[in-house]
Amino acid sequence: MILRNGVRDALLAAVLFGLSAPIAKILVGDLPPQLLAGVLYLGSGIGLTIVALVRSRTPSSYAALHSSDIPFLTGAVVFGGIAAPVLLMLGLERTPASSASLLLNLEAVFTATIAWSVFHENIDGRIAVGLIAIVAGGVVLSWKGSFAITDYVGPFAIAAASLCWGIDNNFTQKISRADPVRIASVKGFVAGTINTSLALSLGQWHTTRLVWAALAVGFVSYGLSLVLYIRGLRELGAARAGNYFSVAPFVGAFAGVLIWQEPLSLGLLTAASLMAVGVWLHLTERHEHFHIHEPMTHEHEHTHDAHHQHEHAPNDQIGEPHTHPHRHDRLQHSHPHYPDIHHRHPH
């Protein structure tokens with residue numbers, strides 16, 4: 001089975017992000033959790049900004065952000081980089097860790113629900129069952145034998161944080177045709193600043209050599225992971241990319257078995273089985289029907305496939321892949337497809 005690029009990117013994003021959990025166990029001994037979160041996000045923002053500056057010396061095949069993207073970028077930053085971390089911190093203060101882990105599985109549900117109900121992504125029965133299997137695997141993985149609620153403020157705040165990240169995912173999908181490195185660097189800087197500020201307000205700041213290690217881990221597991229995830233959003237849509245990314249906790253748990261010799265429990269094996277079924281349902285999806293592409297003009301990285309048979313202006317890039325503003329004429333055809341940036345049609 002040949003993985004579509006978006007599937008590959010979303011799964012690699014999950015692997016990189018999942019690996020941050022067992023590695024963070026080394027760091028959390030010297031860095032308090034809130035400060036560690038801030039440093040990890042800052043590592044993402046700083047590292048990707050350096051990458052963007054180095055790349056700026058050579059022609060890029062990625063599209064630039066335009067004024068029409070600003071509302072979605074702002075919304076993604078506000079919901080995902082500001083509101084969600086604050087709500088999560090408030091929730092964790094009032095909710096047992098086991099219950100919080102279970103509630104965080106709501107992010108995938110919220111992402112898919114918003115994608116379907118607000119942005120009209122197609123989600124058929126197969127994808128819905130796959131989502132249920134993956135989320136069920138996450139629930140099994142985070143289940144500690146009880147679901148304790150001492151008050152409703154904490155769980156509500158964590159659920160609200162998951163909702164904010166679901167909104168963030170969908171807003172980011174709307175601008176995913178643009179350079180993912182620049183998008184991810186902005187989000188990393190904002191989330192890092194907010195989380196570090198929260199840590200300072202709690203009196204958590206102190207210096208340690210492990211800060212540099214945390215910055216490096218943040219660049220890889222948060223920064224590069226987010227770049228790959230944005231690429232997945234562009235190719236697959238928010239619901240499917242979010243579902244693939246939801247296997248990250250399993251990657252972290254399995255890495256914990258290898259790195260820390262944690263026990264290979266029945267819960268981990270059950271979660272792996274459920275997530276494998278969910279991913280298999282996604283991988284074997286074949287969504288094909290007659291559909292119409294209405295005329296549109298936009299800019300993004302592309303090759304001259306069936307959807308991009310157009311003329312070029314004298315100053316356009318002509319390498320493969322390349323980017324430039326281009327127009328799509330009305331097109332009617334049938335082929336297998338995902339709800340990517342070209343397939344947002346009604347069903």
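Arg126 and Thr284 form a side-chain donor-acceptor contact under 3.5 Å, judged by distance and modelled atom types alone.
For the atom pair Leu48 CG and Leu53 CG, the distance stands at 11.0 Å (nearest 0.5 Å). One distance of note links OG of Ser142 with CG of Leu104; it measures 8.5 Å at 0.5 Å rounding. We find the CG-CG distance between Leu16 and Leu11 to be 11.0 Å, quoted to the nearest 0.5 Å. Rounding to the nearest 0.5 Å places CG of Leu92 at 11.0 Å from CG of Leu87. In this structure, CD1 in Ile82 is found 4.5 Å from CD1 in Ile194, a value given to the nearest 0.5 Å. Taking CZ of Phe189 as the reference point, atom OH of Tyr41 lies at 15.0 Å (rounded to 0.5 Å).
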### Message
Assess the residue pair Phe245 and Phe17 against the criterion (side chain to side chain contact (heavy atoms under 4.5 Å, CB included)); give the C-alpha distance rounded to whole Å, side-chain angles, the decisive distance to 0.1 Å, and a yes or no.
### Response
CA-CA 9 Å; Phe245 191 76; Phe17 185 74; 3.7 Å; yes
#### Entry: Derivation and outcome, side chain to side chain contact (heavy atoms under 4.5 Å, CB included), residues Asp329 and Arg327
CA-CA 6 Å; Asp329 293 325; Arg327 174 178 170 79; 3.3 Å; yes
### Query
When you look at Val78 and Val190, which way does the side chain to side chain contact (heavy atoms under 4.5 Å, CB included) test go after all the steps?
CA-CA 9 Å; Val78 169; Val190 173; over 6 Å; no
### Message
Show, in sequence, the C-alpha distance, side-chain angles and deciding distance for Lys187 and Thr172, and conclude whether the side-chain hydrogen bond (donor to acceptor under 3.5 Å, both in side chains) test is met.
### Response
CA-CA 10 Å; Lys187 296 179 71 174; Thr172 302; 2.9 Å; yes
### Message
Apply side-chain hydrogen bond (donor to acceptor under 3.5 Å, both in side chains) to residues Glu107 and Asn169 and explain how you reach the verdict.
### Response
CA-CA 9 Å; Glu107 180 184 343; Asn169 292 335; 3.2 Å; yes
### Query
After noting the C-alpha distance and the side-chain angles of Phe219 and Ser44, does the key distance pass the side chain to side chain contact (heavy atoms under 4.5 Å, CB included) rule?
CA-CA 4 Å; Phe219 169 60; Ser44 165; 5.9 Å; no
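For the pair Leu264/Leu269, a side-chain contact is recorded, criterion being any heavy-atom separation below 4.5 Å from C-beta on. Under the 4.5 Å side-chain criterion, counting only non-hydrogen atoms from C-beta, Leu226 is not in contact with Ile183.
The environment of Arg209 atom CZ is sparse: at most 12 non-hydrogen atoms of other residues, nucleotides or ligands sit within 6.0 angstrom. Counting non-hydrogen atoms of other residues, nucleotides and ligands closer than 6.0 Å to CZ of Phe119 gives a total above 12. By the 6.0 Å contact criterion, CZ on Phe254 is open, its count of non-hydrogen atoms from other residues, nucleotides or ligands being 12 or less.
Under a 3.5 Å cut-off, the side chain of Glu294 and the backbone N or O of Arg330 do not form any donor-acceptor pair. The main-chain N or O of Leu90 is found under 3.5 Å from a side-chain atom of Arg94 such that the two form a donor-acceptor pair. Counting only distance, with no hydrogens or angles, the side chain of Gln204 and the backbone of Leu35 share a donor-acceptor pair below 3.5 Å. Here the side chain of Ser221 pairs no donor or acceptor atom with the backbone of Gly218 at under 3.5 angstrom. Looking only at distances, no side-chain donor or acceptor of Thr113 sits under 3.5 Å from a matching main-chain atom of Phe110. When atom types are taken as modelled, the side chain of Asn195 and the backbone of Gly192 share no donor-acceptor pair closer than 3.5 angstrom. Checking side-chain atoms of Asn105 against main-chain N and O of Ala108 turns up no donor-acceptor pair under 3.5 Å.
Val140 and Phe250 fall into different hydrophobic clusters, where Ile, Leu, Val, Met, Phe, Trp and Tyr residues are linked whenever their side-chain heavy atoms come under 4.5 Å apart, directly or through other members.
In terms of heavy atoms, Leu27 sits closest to Val217 at CD1-CG2, 4.5 Å.
The side chain to side chain donor-acceptor pair (under 3.5 Å) analysis of residues 65-83, with sequence neighbours excluded, yields the pairs His66-Glu299, Asp69-Arg177. Sorted by first and then second residue, the side chain to side chain donor-acceptor pair (under 3.5 Å) pairs involving residues 235-245 (not counting sequence neighbours) are Arg4-Glu235, Arg240-Glu285, Asn243-His282.
A salt bridge is absent between Asp9 and Arg234: the closest approach of a Lys/Arg side-chain nitrogen to an acidic carboxylate oxygen does not fall below 4.0 angstrom.
Here His291 and His337 bring their ring centres to under 6.0 angstrom of each other.
Between Phe72 and Phe171, the two ring planes are perpendicular [angle over 60°; tilted spans 30° to 60°].
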